[in-house]
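The block underneath contains the structure these notes are about, expressed in C-alpha coordinates.
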Protein chains: 2
Amino acid sequence: MPTRAKPLRKDAQRNRDLLIKAAQELYAARGLDVSLDEIARTAGVSSGTLYNHFPDRADLIGAVFADRAGTVVRFAEQALAMDDPWECLVHFLERICELQAADRGYNDLVCRRVPQAPPTEGHVRGYELMKQIIERARDSGALRSDVTLEDMAFVTWGTARTVEATAHVRPQAWRRQLALMLDGLRASAAHPLPEPPMRPDELADIMRECS
Amino acid sequence: MPTRAKPLRKDAQRNRDLLIKAAQELYAARGLDVSLDEIARTAGVSSGTLYNHFPDRADLIGAVFADRAGTVVRFAEQALAMDDPWECLVHFLERICELQAADRGYNDLVCRRVPQAPPTEGHVRGYELMKQIIERARDSGALRSDVTLEDMAFVTWGTARTVEATAHVRPQAWRRQLALMLDGLRASAAHPLPEPPMRPDELADIMRECS
DNA sequence: CAAGAAGTTGACGGTACAGTCAACTTACGG
DNA sequence: CCGTAAGTTGACTGTACCGTCAACTTCTTG
(Lines give C-alpha, C1' and ligand atoms only; values in the text may rest on other atoms or scores of the structure.)
Protein backbone atom coordinates (compact mmCIF):
# COMPACT_ATOMS: atom_id res chain seq x y z
CA MET A 1 0.00 0.00 0.00
CA PRO A 2 1.50 3.37 -1.01
CA THR A 3 1.96 6.19 1.46
CA ARG A 4 -0.39 8.93 0.21
CA ALA A 5 -4.13 8.76 -0.07
CA LYS A 6 -4.28 12.11 -1.87
CA PRO A 7 -1.36 12.84 -4.21
CA LEU A 8 -0.33 16.33 -3.14
CA ARG A 9 0.03 18.98 -5.78
CA LYS A 10 3.62 19.72 -6.83
CA ASP A 11 3.99 23.16 -5.24
CA ALA A 12 2.08 22.04 -2.18
CA GLN A 13 4.50 19.17 -1.66
CA ARG A 14 7.44 21.53 -2.09
CA ASN A 15 6.07 23.95 0.51
CA ARG A 16 5.32 21.12 2.87
CA ASP A 17 8.91 19.92 2.62
CA LEU A 18 10.23 23.43 3.10
CA LEU A 19 8.12 23.84 6.21
CA ILE A 20 9.26 20.57 7.72
CA LYS A 21 12.87 21.36 6.95
CA ALA A 22 12.62 24.83 8.47
CA ALA A 23 10.84 23.48 11.53
CA GLN A 24 13.37 20.69 11.91
CA GLU A 25 16.29 23.11 11.89
CA LEU A 26 14.70 25.65 14.19
CA TYR A 27 13.57 22.97 16.62
CA ALA A 28 17.00 21.38 16.67
CA ALA A 29 18.66 24.68 17.42
CA ARG A 30 16.21 26.26 19.85
CA GLY A 31 13.75 23.65 21.07
CA LEU A 32 10.04 23.24 20.44
CA ASP A 33 9.05 26.71 21.61
CA VAL A 34 9.74 28.39 18.27
CA SER A 35 6.76 30.37 17.04
CA LEU A 36 4.83 29.07 14.07
CA ASP A 37 5.12 32.44 12.37
CA GLU A 38 8.89 32.21 12.47
CA ILE A 39 8.85 28.73 11.00
CA ALA A 40 6.68 29.92 8.13
CA ARG A 41 8.94 32.93 7.61
CA THR A 42 12.05 30.77 7.60
CA ALA A 43 10.48 28.38 5.13
CA GLY A 44 9.62 31.32 2.90
CA VAL A 45 5.88 30.77 2.93
CA SER A 46 3.02 32.59 4.60
CA SER A 47 1.56 31.59 7.90
CA GLY A 48 -1.67 30.61 6.20
CA THR A 49 0.13 27.93 4.25
CA LEU A 50 1.57 26.50 7.41
CA TYR A 51 -1.85 26.22 8.99
CA ASN A 52 -3.16 24.72 5.80
CA HIS A 53 -0.68 21.86 5.98
CA PHE A 54 -0.55 21.51 9.76
CA PRO A 55 -3.79 22.64 11.43
CA ASP A 56 -2.47 21.88 14.87
CA ARG A 57 0.98 22.52 16.30
CA ALA A 58 1.17 18.84 17.13
CA ASP A 59 0.74 17.92 13.47
CA LEU A 60 3.90 19.79 12.57
CA ILE A 61 5.88 18.32 15.43
CA GLY A 62 4.59 14.90 14.48
CA ALA A 63 5.68 15.37 10.89
CA VAL A 64 9.12 16.66 11.87
CA PHE A 65 9.84 13.80 14.23
CA ALA A 66 8.04 11.08 12.29
CA ASP A 67 11.32 9.38 11.44
CA ARG A 68 12.74 9.52 14.95
CA ALA A 69 11.01 6.37 16.11
CA GLY A 70 12.67 4.64 13.18
CA THR A 71 16.04 6.01 14.22
CA VAL A 72 15.59 4.64 17.70
CA VAL A 73 14.65 1.27 16.26
CA ARG A 74 17.84 1.30 14.19
CA PHE A 75 19.91 2.13 17.25
CA ALA A 76 18.31 -0.72 19.14
CA GLU A 77 18.97 -3.16 16.34
CA GLN A 78 22.58 -2.05 16.06
CA ALA A 79 22.99 -2.49 19.79
CA LEU A 80 21.40 -5.93 19.82
CA ALA A 81 23.93 -7.03 17.21
CA MET A 82 26.68 -6.61 19.78
CA ASP A 83 28.08 -9.58 21.68
CA ASP A 84 28.25 -8.34 25.23
CA PRO A 85 24.80 -7.69 26.78
CA TRP A 86 26.09 -4.91 29.01
CA GLU A 87 27.89 -3.17 26.18
CA CYS A 88 24.72 -3.51 24.18
CA LEU A 89 22.75 -1.60 26.81
CA VAL A 90 25.46 1.02 27.23
CA HIS A 91 25.77 1.53 23.51
CA PHE A 92 22.04 1.96 23.09
CA LEU A 93 21.67 4.45 25.91
CA GLU A 94 24.64 6.42 24.64
CA ARG A 95 23.11 6.69 21.23
CA ILE A 96 19.81 7.91 22.62
CA CYS A 97 21.51 10.52 24.73
CA GLU A 98 23.60 11.63 21.76
CA LEU A 99 20.37 12.18 19.92
CA GLN A 100 19.12 14.31 22.78
CA ALA A 101 22.33 16.29 22.87
CA ALA A 102 22.32 16.89 19.11
CA ASP A 103 18.72 18.05 18.81
CA ARG A 104 17.08 20.33 21.33
CA GLY A 105 13.75 19.61 19.75
CA TYR A 106 14.07 15.92 20.39
CA ASN A 107 15.33 16.67 23.86
CA ASP A 108 12.16 18.66 24.50
CA LEU A 109 10.02 15.97 23.00
CA VAL A 110 11.29 13.44 25.53
CA CYS A 111 8.85 14.95 27.98
CA ARG A 112 8.22 18.61 27.87
CA ARG A 113 4.75 20.03 27.83
CA VAL A 114 4.38 19.15 24.19
CA PRO A 115 0.99 19.06 22.46
CA GLN A 116 0.84 15.31 22.15
CA ALA A 117 2.87 13.12 19.85
CA PRO A 118 0.71 10.29 18.50
CA PRO A 119 2.08 6.81 19.34
CA THR A 120 2.99 5.09 16.09
CA GLU A 121 3.78 1.48 15.29
CA GLY A 122 7.47 2.40 15.18
CA HIS A 123 7.18 3.33 18.84
CA VAL A 124 5.76 -0.08 19.64
CA ARG A 125 8.60 -1.80 17.82
CA GLY A 126 11.17 0.37 19.59
CA TYR A 127 9.55 -0.53 22.87
CA GLU A 128 9.84 -4.24 22.09
CA LEU A 129 13.50 -3.97 21.18
CA MET A 130 14.30 -1.97 24.29
CA LYS A 131 12.64 -4.63 26.36
CA GLN A 132 14.94 -7.17 24.73
CA ILE A 133 18.01 -5.07 25.46
CA ILE A 134 17.07 -4.77 29.10
CA GLU A 135 16.20 -8.42 29.54
CA ARG A 136 19.38 -9.57 27.90
CA ALA A 137 21.50 -7.34 30.12
CA ARG A 138 19.62 -8.46 33.19
CA ASP A 139 19.77 -12.17 32.35
CA SER A 140 23.49 -11.91 31.78
CA GLY A 141 23.88 -10.74 35.35
CA ALA A 142 25.43 -7.42 34.39
CA LEU A 143 22.34 -5.28 34.89
CA ARG A 144 20.89 -5.27 38.38
CA SER A 145 17.83 -7.42 38.70
CA ASP A 146 15.63 -4.85 40.38
CA VAL A 147 15.51 -2.36 37.52
CA THR A 148 12.94 -2.39 34.77
CA LEU A 149 12.56 -0.95 31.32
CA GLU A 150 10.61 1.91 32.81
CA ASP A 151 13.66 2.91 34.82
CA MET A 152 15.38 3.84 31.59
CA ALA A 153 13.19 6.93 31.56
CA PHE A 154 15.34 8.18 34.42
CA VAL A 155 18.35 8.09 32.15
CA THR A 156 16.55 10.12 29.53
CA TRP A 157 15.01 12.62 31.91
CA GLY A 158 18.26 12.93 33.76
CA THR A 159 20.15 13.70 30.61
CA ALA A 160 17.50 16.08 29.32
CA ARG A 161 18.13 19.00 31.59
CA THR A 162 21.84 18.43 31.83
CA VAL A 163 22.06 18.74 28.07
CA GLU A 164 20.16 22.00 28.18
CA ALA A 165 22.17 23.42 31.01
CA THR A 166 25.62 22.48 29.80
CA ALA A 167 25.15 22.88 26.03
CA HIS A 168 27.31 25.98 25.80
CA VAL A 169 29.97 25.43 28.42
CA ARG A 170 30.46 21.66 28.43
CA PRO A 171 28.42 19.94 25.74
CA GLN A 172 29.75 16.52 26.71
CA ALA A 173 29.02 16.77 30.41
CA TRP A 174 26.05 14.44 30.06
CA ARG A 175 28.50 11.59 29.28
CA ARG A 176 29.86 11.85 32.79
CA GLN A 177 26.39 11.85 34.29
CA LEU A 178 25.40 8.88 32.18
CA ALA A 179 28.52 7.00 33.25
CA LEU A 180 27.68 7.60 36.90
CA MET A 181 24.14 6.41 36.33
CA LEU A 182 25.36 3.34 34.47
CA ASP A 183 27.60 2.45 37.39
CA GLY A 184 24.48 2.61 39.51
CA LEU A 185 22.71 0.24 37.15
CA ARG A 186 25.31 -2.51 37.45
CA ALA A 187 24.28 -5.56 39.38
CA SER A 188 27.44 -5.26 41.47
CA ALA A 189 26.34 -1.83 42.69
CA ALA A 190 22.86 -2.83 43.74
CA HIS A 191 21.47 -1.66 47.05
CA PRO A 192 17.77 -1.88 47.85
CA LEU A 193 15.63 0.69 46.06
CA PRO A 194 13.16 2.79 48.05
CA GLU A 195 10.32 3.16 45.57
CA PRO A 196 8.68 0.47 43.43
CA PRO A 197 9.33 0.76 39.70
CA MET A 198 6.89 2.64 37.52
CA ARG A 199 4.35 0.42 35.85
CA PRO A 200 4.20 0.47 32.03
CA ASP A 201 0.80 2.12 32.08
CA GLU A 202 2.03 4.75 34.51
CA LEU A 203 4.89 5.65 32.21
CA ALA A 204 2.50 5.72 29.27
CA ASP A 205 0.29 8.12 31.21
CA ILE A 206 3.24 10.34 31.94
CA MET A 207 4.31 10.42 28.31
CA ARG A 208 0.76 11.12 27.20
CA GLU A 209 -0.23 13.76 29.62
CA CYS A 210 2.73 16.08 30.01
CA SER A 211 0.06 18.31 31.51
CA MET B 1 22.97 46.67 61.29
CA PRO B 2 19.22 46.58 60.59
CA THR B 3 17.83 45.24 57.34
CA ARG B 4 16.11 48.25 55.77
CA ALA B 5 17.75 51.41 54.52
CA LYS B 6 14.36 53.02 53.88
CA PRO B 7 11.58 52.14 56.32
CA LEU B 8 8.70 51.17 54.03
CA ARG B 9 5.33 52.73 54.57
CA LYS B 10 2.83 50.53 56.40
CA ASP B 11 0.52 49.76 53.48
CA ALA B 12 3.47 49.43 51.14
CA GLN B 13 5.00 46.78 53.36
CA ARG B 14 1.70 44.95 53.51
CA ASN B 15 1.33 44.95 49.73
CA ARG B 16 4.92 43.83 49.32
CA ASP B 17 4.31 40.89 51.62
CA LEU B 18 1.09 40.02 49.82
CA LEU B 19 2.90 40.05 46.50
CA ILE B 20 5.69 37.82 47.71
CA LYS B 21 3.23 35.42 49.27
CA ALA B 22 1.11 35.25 46.11
CA ALA B 23 4.20 34.79 43.93
CA GLN B 24 5.55 32.12 46.25
CA GLU B 25 2.36 30.11 46.07
CA LEU B 26 1.88 30.46 42.33
CA TYR B 27 5.51 29.63 41.67
CA ALA B 28 5.38 26.59 43.89
CA ALA B 29 2.30 25.29 42.15
CA ARG B 30 3.04 26.13 38.54
CA GLY B 31 6.69 27.08 38.11
CA LEU B 32 8.33 30.39 37.34
CA ASP B 33 6.41 31.04 34.13
CA VAL B 34 3.40 32.57 35.87
CA SER B 35 2.54 35.98 34.45
CA LEU B 36 3.19 39.04 36.54
CA ASP B 37 -0.37 40.21 35.99
CA GLU B 38 -1.71 37.06 37.57
CA ILE B 39 0.56 37.43 40.55
CA ALA B 40 -0.67 40.98 41.09
CA ARG B 41 -4.27 39.87 40.68
CA THR B 42 -3.81 37.02 43.15
CA ALA B 43 -2.22 39.35 45.64
CA GLY B 44 -5.16 41.72 45.28
CA VAL B 45 -3.14 44.69 44.06
CA SER B 46 -2.75 46.32 40.68
CA SER B 47 0.02 45.51 38.27
CA GLY B 48 1.48 48.97 38.74
CA THR B 49 2.10 48.23 42.39
CA LEU B 50 3.94 45.06 41.50
CA TYR B 51 6.24 46.93 39.14
CA ASN B 52 6.71 49.59 41.76
CA HIS B 53 8.08 47.07 44.24
CA PHE B 54 9.84 44.80 41.76
CA PRO B 55 10.93 46.63 38.61
CA ASP B 56 12.40 43.50 37.11
CA ARG B 57 11.03 39.98 37.11
CA ALA B 58 14.29 38.85 38.65
CA ASP B 59 13.72 41.14 41.63
CA LEU B 60 10.52 39.33 42.50
CA ILE B 61 12.05 35.91 42.06
CA GLY B 62 14.98 37.02 44.16
CA ALA B 63 12.68 38.21 46.93
CA VAL B 64 10.59 35.04 46.86
CA PHE B 65 13.58 32.73 47.07
CA ALA B 66 15.74 34.91 49.29
CA ASP B 67 15.43 32.47 52.17
CA ARG B 68 16.12 29.35 50.14
CA ALA B 69 19.88 29.64 50.41
CA GLY B 70 19.39 29.71 54.15
CA THR B 71 17.27 26.58 53.97
CA VAL B 72 19.99 24.78 52.06
CA VAL B 73 22.53 25.87 54.64
CA ARG B 74 20.31 24.47 57.39
CA PHE B 75 20.01 21.17 55.56
CA ALA B 76 23.76 20.98 55.17
CA GLU B 77 24.32 21.68 58.83
CA GLN B 78 21.78 19.07 59.85
CA ALA B 79 23.46 16.57 57.59
CA LEU B 80 26.93 17.34 58.88
CA ALA B 81 25.69 16.64 62.39
CA MET B 82 25.20 13.01 61.42
CA ASP B 83 27.78 10.37 62.30
CA ASP B 84 28.13 8.40 59.11
CA PRO B 85 29.69 10.38 56.25
CA TRP B 86 27.80 8.46 53.59
CA GLU B 87 24.47 8.87 55.35
CA CYS B 88 25.29 12.53 55.71
CA LEU B 89 25.64 12.90 51.94
CA VAL B 90 22.53 10.85 51.24
CA HIS B 91 20.50 12.79 53.75
CA PHE B 92 21.57 16.11 52.31
CA LEU B 93 20.84 15.18 48.72
CA GLU B 94 17.46 13.77 49.68
CA ARG B 95 16.53 16.99 51.37
CA ILE B 96 17.51 19.05 48.36
CA CYS B 97 15.51 16.84 46.05
CA GLU B 98 12.53 16.98 48.38
CA LEU B 99 12.73 20.74 48.11
CA GLN B 100 12.67 20.44 44.34
CA ALA B 101 9.74 18.07 44.45
CA ALA B 102 7.75 20.27 46.80
CA ASP B 103 8.22 23.53 44.93
CA ARG B 104 8.08 23.75 41.16
CA GLY B 105 9.44 27.27 41.37
CA TYR B 106 12.54 26.11 43.13
CA ASN B 107 12.81 23.23 40.71
CA ASP B 108 12.80 25.72 37.85
CA LEU B 109 15.27 27.95 39.60
CA VAL B 110 17.80 25.12 39.73
CA CYS B 111 18.59 25.94 36.15
CA ARG B 112 15.83 26.98 33.89
CA ARG B 113 16.01 30.02 31.72
CA VAL B 114 15.52 32.24 34.70
CA PRO B 115 16.30 35.97 34.66
CA GLN B 116 19.32 35.72 36.91
CA ALA B 117 19.31 35.10 40.61
CA PRO B 118 21.95 37.21 42.31
CA PRO B 119 24.54 35.12 44.22
CA THR B 120 24.28 35.96 47.91
CA GLU B 121 26.58 35.24 50.83
CA GLY B 122 24.23 32.46 51.88
CA HIS B 123 25.08 30.75 48.62
CA VAL B 124 28.77 30.95 49.42
CA ARG B 125 28.22 29.44 52.83
CA GLY B 126 26.10 26.66 51.35
CA TYR B 127 28.83 25.98 48.85
CA GLU B 128 31.39 25.64 51.63
CA LEU B 129 29.25 23.24 53.61
CA MET B 130 28.53 21.11 50.56
CA LYS B 131 32.25 20.90 49.94
CA GLN B 132 32.66 19.60 53.47
CA ILE B 133 29.95 17.00 52.97
CA ILE B 134 31.57 15.73 49.79
CA GLU B 135 35.07 15.66 51.23
CA ARG B 136 33.99 13.85 54.33
CA ALA B 137 32.18 11.20 52.33
CA ARG B 138 35.13 10.81 50.01
CA ASP B 139 37.72 10.64 52.77
CA SER B 140 35.69 7.98 54.54
CA GLY B 141 36.01 5.80 51.46
CA ALA B 142 32.28 5.57 50.88
CA LEU B 143 32.06 8.12 48.05
CA ARG B 144 34.07 7.29 44.96
CA SER B 145 37.24 9.30 44.72
CA ASP B 146 36.77 10.52 41.16
CA VAL B 147 33.65 12.57 41.77
CA THR B 148 33.67 16.22 42.73
CA LEU B 149 31.28 18.69 44.24
CA GLU B 150 30.39 19.83 40.74
CA ASP B 151 29.08 16.36 39.95
CA MET B 152 26.29 16.93 42.44
CA ALA B 153 24.73 19.19 39.83
CA PHE B 154 23.93 16.01 37.94
CA VAL B 155 21.82 14.85 40.83
CA THR B 156 19.88 18.09 40.84
CA TRP B 157 19.46 18.35 37.09
CA GLY B 158 18.58 14.71 36.89
CA THR B 159 15.87 15.07 39.48
CA ALA B 160 14.55 18.29 37.98
CA ARG B 161 12.84 16.91 34.94
CA THR B 162 11.82 13.69 36.60
CA VAL B 163 9.95 15.68 39.22
CA GLU B 164 8.16 17.64 36.50
CA ALA B 165 7.29 14.59 34.48
CA THR B 166 6.10 12.36 37.28
CA ALA B 167 4.47 14.92 39.55
CA HIS B 168 0.93 13.77 38.85
CA VAL B 169 1.30 10.04 38.35
CA ARG B 170 4.15 9.11 40.66
CA PRO B 171 5.33 12.01 42.74
CA GLN B 172 7.93 9.92 44.53
CA ALA B 173 9.54 8.42 41.44
CA TRP B 174 12.56 10.70 41.85
CA ARG B 175 13.50 8.77 44.97
CA ARG B 176 14.12 5.71 42.87
CA GLN B 177 16.19 7.66 40.38
CA LEU B 178 18.18 9.23 43.18
CA ALA B 179 18.81 5.83 44.74
CA LEU B 180 20.15 4.51 41.45
CA MET B 181 22.38 7.54 41.10
CA LEU B 182 23.60 7.15 44.67
CA ASP B 183 24.54 3.56 43.98
CA GLY B 184 26.60 4.92 41.11
CA LEU B 185 28.33 7.34 43.44
CA ARG B 186 29.56 4.65 45.82
CA ALA B 187 33.27 3.95 45.77
CA SER B 188 32.52 0.26 45.37
CA ALA B 189 30.69 0.95 42.10
CA ALA B 190 33.42 3.03 40.52
CA HIS B 191 34.37 2.45 36.91
CA PRO B 192 36.46 4.96 34.96
CA LEU B 193 34.55 8.09 33.94
CA PRO B 194 34.70 9.27 30.33
CA GLU B 195 34.62 13.03 30.75
CA PRO B 196 36.65 15.17 33.16
CA PRO B 197 34.64 16.79 35.95
CA MET B 198 33.27 20.29 35.46
CA ARG B 199 35.50 22.97 36.89
CA PRO B 200 33.97 25.26 39.54
CA ASP B 201 34.10 28.22 37.20
CA GLU B 202 32.41 26.24 34.46
CA LEU B 203 29.56 25.35 36.75
CA ALA B 204 29.33 28.96 37.87
CA ASP B 205 29.11 29.99 34.21
CA ILE B 206 26.33 27.51 33.63
CA MET B 207 24.36 28.74 36.62
CA ARG B 208 24.85 32.35 35.60
CA GLU B 209 24.08 32.15 31.94
CA CYS B 210 21.07 29.84 31.59
CA SER B 211 20.93 31.48 28.17
C1' DC C 1 -5.07 68.30 61.32
C1' DA C 2 -2.87 70.11 57.36
C1' DA C 3 0.23 69.20 53.50
C1' DG C 4 3.35 66.95 51.09
C1' DA C 5 5.61 62.64 50.47
C1' DA C 6 4.89 57.93 49.50
C1' DG C 7 2.30 54.65 47.34
C1' DT C 8 -1.58 52.92 44.40
C1' DT C 9 -4.53 52.53 40.58
C1' DG C 10 -6.16 50.90 36.15
C1' DA C 11 -6.38 52.35 31.71
C1' DC C 12 -3.25 52.61 28.01
C1' DG C 13 0.45 51.59 24.31
C1' DG C 14 3.39 48.24 22.50
C1' DT C 15 4.66 43.60 21.15
C1' DA C 16 4.35 38.83 20.05
C1' DC C 17 1.76 35.04 18.94
C1' DA C 18 -2.27 31.81 17.34
C1' DG C 19 -5.44 31.20 14.14
C1' DT C 20 -9.00 32.74 10.17
C1' DC C 21 -10.55 33.93 5.64
C1' DA C 22 -11.85 36.20 1.22
C1' DA C 23 -9.36 37.32 -2.69
C1' DC C 24 -5.78 35.90 -5.50
C1' DT C 25 -2.51 32.50 -7.96
C1' DT C 26 -0.98 28.10 -9.65
C1' DA C 27 -1.05 23.47 -11.23
C1' DC C 28 -3.28 19.75 -13.60
C1' DG C 29 -6.68 16.94 -16.37
C1' DG C 30 -9.09 16.90 -20.40
C1' DC D 1 -5.05 26.05 -23.76
C1' DC D 2 -8.84 26.51 -20.84
C1' DG D 3 -11.56 25.82 -16.63
C1' DT D 4 -11.64 24.37 -12.22
C1' DA D 5 -9.95 22.43 -8.12
C1' DA D 6 -6.13 22.96 -5.17
C1' DG D 7 -3.25 25.87 -2.90
C1' DT D 8 -1.39 30.42 -1.33
C1' DT D 9 -1.41 34.91 0.44
C1' DG D 10 -1.23 38.53 3.94
C1' DA D 11 -4.06 41.37 6.20
C1' DC D 12 -7.12 40.84 10.02
C1' DT D 13 -9.15 39.48 14.70
C1' DG D 14 -8.37 38.08 19.23
C1' DT D 15 -5.65 37.17 23.14
C1' DA D 16 -2.06 37.47 26.52
C1' DC D 17 1.59 39.62 28.26
C1' DC D 18 4.98 43.41 29.69
C1' DG D 19 5.73 47.79 31.17
C1' DT D 20 4.36 53.04 31.77
C1' DC D 21 2.16 56.94 33.67
C1' DA D 22 -0.87 60.80 35.09
C1' DA D 23 -4.41 61.09 38.29
C1' DC D 24 -5.82 59.57 42.56
C1' DT D 25 -5.53 57.81 47.55
C1' DT D 26 -3.27 56.91 51.86
C1' DC D 27 0.12 57.40 55.24
C1' DT D 28 3.17 60.07 58.10
C1' DT D 29 5.20 63.87 60.27
C1' DG D 30 5.55 68.24 62.27
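All of these numbers come straight from a predicted model, not from anything done at the bench. Chain identifiers are assigned alphabetically (A, B, ...) following the order of the sequence lines, protein sequences preceding nucleic acid strands; residue numbering begins at 1 within each chain.
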- Are B/Asn15 and C/dT8 close enough that a side-chain N or O sits under 4.0 Å from OP1 or OP2? yes

- Query: B/Asp11 or B/Leu36: which one's nearest nucleotide on DNA chain D is closer to the 5' end?
  - Reply: B/Leu36

- Message: Parallel, tilted or perpendicular: which one describes the rings of A/Phe65 and A/Tyr27, with boundaries at 30° and 60°?
- Response: parallel

- Task: Examine the side chains of A/Arg175 and A/Gln172 and answer whether a donor and an acceptor come within less than 3.5 Å of each other.
- Result: yes

- Task: Name the closest nucleotide to the B/Thr49 side chain, picking from C/dT8, C/dA18, D/dT20.
- Result: C/dT8

- Query: In whole angstroms, how far is the P atom of D/dT8 from the CG atom of A/Asp17?
  - Reply: 11 Å

- Please report, rounded to the nearest Å, how far the P atom of C/dA16 is from the CD1 atom of A/Ile39. 17 Å

- Item | Spacing of B/Phe54 atom CZ relative to C/dT8 atom P, expressed in whole Å | 11 Å

- Give me the one residue out of B/Leu143, B/Leu149, B/Leu93, B/Leu89 that meets side chain to side chain contact (heavy atoms under 4.5 Å, CB included) with B/Ile133. B/Leu89

- Item | CZ (B/Arg125) with more than 12 external heavy atoms under 6.0 Å | no

- Please give, in whole Å, the distance from D/dC18 C1' to B/Leu60 CG? 14 Å

- Message: Test your reading of the model: is there a side-chain donor-acceptor pair from A/Gln177 to the backbone of A/Gly158, 3.5 Å cut-off?
- Response: yes

- Under 4.0 angstrom between A/His53 side-chain N/O and D/dT8 OP1 or OP2: yes

- Taking for A/Gly48 and for A/Ser35 the nucleotide of DNA chain C with the nearest heavy atom, the one nearer the 5' end belongs to A/Ser35

- Query: Separation of B/Arg16 atom CZ from D/dC27 atom C1', in whole Å?
  - Reply: 18 Å

- Task: Grab the CG-C1' distance between B/Leu50 and C/dG7 for me, whole Å please.
- Result: 14 Å

- Toward the 5' end of DNA chain D, which comes first, B/Asp37 or B/Lys10, by nearest nucleotide? B/Asp37

- Task: Would you kindly give the OH-to-C1' distance between A/Tyr51 and D/dT13, to the nearest whole Å?
- Result: 13 Å

- B/Gln13 CD - C/dA6 C1' separation (whole Å): 14 Å

- OP1 or OP2 of C/dT8 sitting under 4.0 Å from any side-chain N/O of B/Asn52? yes

- Query: So does A/Arg9 get a side-chain nitrogen or oxygen closer than 4.0 Å to the phosphate oxygens (OP1/OP2) of C/dT26?
  - Reply: no

- Message: D/dT8, OP1 or OP2 - any side-chain N/O from A/Ser46 closer than 4.0 Å?
- Response: no

